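Shown next, in structure tokens, is the structure this report addresses.
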Amino acid sequence: MSASGGTKAIVAALSANLAIAVAKFVAFLFSGSSSMLAESVHSLADSGNQGLLLLGGKRAKRQATPEHPFGYGRERYIYAFLVSIVLFSVGGMFAIYEGYEKIKHPHELEHWYWPVGVLVFAIIAEAFSFRTAIKESNPLRGKQSWSQFVRRAKAPELPVVLLEDLGALVGLILALGGVGLALATGDGVWDGIGTLCIGVLLIVIAIVLAAETKSLLLGESAGLDEVRKIEAALVDGDTVTRVIHMRTLHLGPEELLVAAKLAVQHDDTAAEVAAAINAAEARIREAVPIARAIYLEPDIYDEAAATKGTNPGMTPSPDASPR
């Protein structure tokens, strides 16, 4: 994900959510709608989440230090994980509590035109933000489905904004439905039910975000395309004859660590092996520019040991798939 693309989507979402949060809270003050209060807190939480994403992106750009020699790229994953926590606690749990209270103590909505008008405005604003996120994501998504893009993306910002905007749009429709049923029936319980549904929706989205960002925090390998490019770049067919085993790890969305043990000819000189290793590094950086840290170890391939499987971790998998 390009930094500019992600930032544009985040800023668009932040601008929309701040305006919507203020409008929803004003509507709550005039109407007493619990859906409006839950939605205003939801939009405020979303605004804070976008602020966290921007902060994480800024902190991730810090230079490496002796204490953190691989840099701070994973800060973006940490702040994305914090977003899921905020969405769960501030957004989801508050909405469930407010919905429960409204069902327990319902009251008729006042000045109904306030919440309806604000909800229509909010849907338009969120649709604009969602459209921006989709537009910025499409070049990176390629032929992947949207669920595959969210699951496989190494940069967390766009998937987070996409899920937040989707949740916001569905939540607004639920709120509009709750307010509409409350007005049609004269029973404020429907407003509370709509609020409960919003809370459940936010918690589900928060759990999905937490699961995906947790995987990134634990450390994910390069994608299949990148692994194939790296393996093809390593073998020159002359000095380097095969990849014995390889590991890749994302240090950040645009920083990749590559560690590999390479089979070289047993009669090559040290100078020839060193030259082959340097050439392999150059080919990797050309094929996969995000490969920043590369560690290559030459070795003599023992076919008998590989056949016996005495050390499976030192032999490439049959389909050369990423670990």
Side-chain angles (χ1 to χ4, degrees), residues 1-18 20-21 38-65 67-68 70-98 126 129-130 132-133 136-137 140 149-171 198-220 249-255:
M1 183 193 77
S2 67
S4 60
T7 301
K8 184 176 180 180
I10 295 171
V11 170
L14 177 60
S15 302
N17 281 318
L18 284 174
I20 292 169
E39 276 294 312
S40 65
V41 173
H42 173 198
S43 295
L44 189 61
D46 280 353
S47 301
N49 289 341
Q50 274 101 51
L52 286 173
L53 293 176
L54 291 172
L55 178 61
K58 182 178 180 180
R59 292 181 61 83
K61 295 178 182 178
R62 290 180 294 166
Q63 295 296 317
T65 64
E67 186 177 4
H68 297 92
F70 291 109
Y72 294 85
R74 287 196 180 184
E75 290 250 23
R76 288 166 68 177
Y77 300 152
I78 293 171
Y79 280 88
F81 188 77
L82 290 176
V83 165
S84 67
I85 296 174
V86 172
L87 196 62
F88 179 90
S89 57
V90 179
M93 295 305 294
F94 178 82
I96 286 180
Y97 169 78
E98 186 64 26
E126 285 291 358
S129 174
F130 193 39
T132 302
E136 297 297 323
S137 300
L140 300 169
F149 173 69
V150 171
R151 290 180 57 194
R152 297 177 184 176
K154 306 303 181 184
E157 291 85 355
L158 283 174
V160 168
V161 173
L162 281 168
L163 287 175
E164 277 191 349
D165 285 350
L166 177 62
L169 279 172
V170 176
I198 293 169
V200 172
L201 171 69
L202 294 180
I203 287 176
V204 169
I205 291 176
I207 291 173
V208 172
L209 283 177
E212 295 305 319
T213 51
K214 174 195 165 202
S215 178
L216 292 169
L217 279 171
L218 289 174
E220 290 189 357
L249 179 69
H250 268 275
L251 303 172
E254 287 119 19
E255 296 174 278

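Computed from a prediction, not measured in an experiment: that's the story for all the values here.
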Less than 3.5 Å apart, which donor and acceptor atoms pair up between the side chains of residues 10-18 and the rest of the protein, not counting sequence neighbours?
{"unit_1": "S15", "atom_1": "OG", "unit_2": "V11", "atom_2": "O", "d": "2.9"}
{"unit_1": "N17", "atom_1": "ND2", "unit_2": "A13", "atom_2": "O", "d": "3.0"}
{"unit_1": "N17", "atom_1": "ND2", "unit_2": "Q50", "atom_2": "OE1", "d": "2.9"}

Around Y97, counting heavy atoms of other residues, nucleotides and ligands shown, do more than 12 lie under 6.0 Å from its OH?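 Incorrect, the count does not exceed 12.
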R151, CZ: over 12 other non-hydrogen atoms inside 6.0 angstrom: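 For R151, atom CZ is not crowded (no more than 12 foreign heavy atoms under 6.0 Å).
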The criterion is side chain to side chain donor-acceptor pair (under 3.5 Å); which residues satisfy it with S129, sequence neighbours excluded?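 Applying side chain to side chain donor-acceptor pair (under 3.5 Å) to S129 gives D165.
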What verdict does the salt bridge (charged side-chain N to carboxylate O under 4.0 Å, His left out) test give for E254 and R76, after you've listed the backbone C-alpha separation in whole Å, the side-chain angles of each residue and the deciding distance to 0.1 Å? CA-CA 11 Å; E254 287 119 19; R76 288 166 68 177; 3.2 Å; yes
Checking [X] now: which residues fulfil side-chain contact (heavy atoms from CB on, under 4.5 Å) with it, not counting sequence neighbours?
X    : result
L166 : F130, V170
F94  : L37, V41, E98
F70  : L251, L257, A293, Y295

Heavy-atom side-chain contact between L163 and V150 under 4.5 Å: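 Yes, at least one pair of side-chain atoms sits under 4.5 Å.
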Qualifying residues under salt bridge (Lys or Arg N to Asp or Glu O under 4.0 Å), relative to R59, sequence neighbours excluded: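 R59 satisfies salt bridge (Lys or Arg N to Asp or Glu O under 4.0 Å) with E75 once adjacent residues are dropped.
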Can you give me the closest heavy-atom contact between G57 and K61, atom names plus distance?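 Answer, listing the atom of G57 first, then K61: O-CG, 3.4 Å.
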Distance-only check: which donor-acceptor pairs under 3.5 Å involve side-chain atoms of residues 203-216, not counting sequence neighbours?
{"unit_1": "T213", "atom_1": "OG1", "unit_2": "L209", "atom_2": "O", "d": "2.7"}
{"unit_1": "T213", "atom_1": "OG1", "unit_2": "A210", "atom_2": "O", "d": "3.3"}
{"unit_1": "S215", "atom_1": "OG", "unit_2": "E220", "atom_2": "OE2", "d": "2.5"}

For Y72, ring pair (Phe, Tyr, Trp, His ring centres under 6.0 Å) partners two or more places apart: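 Residues passing ring pair (Phe, Tyr, Trp, His ring centres under 6.0 Å) with Y72: H68.
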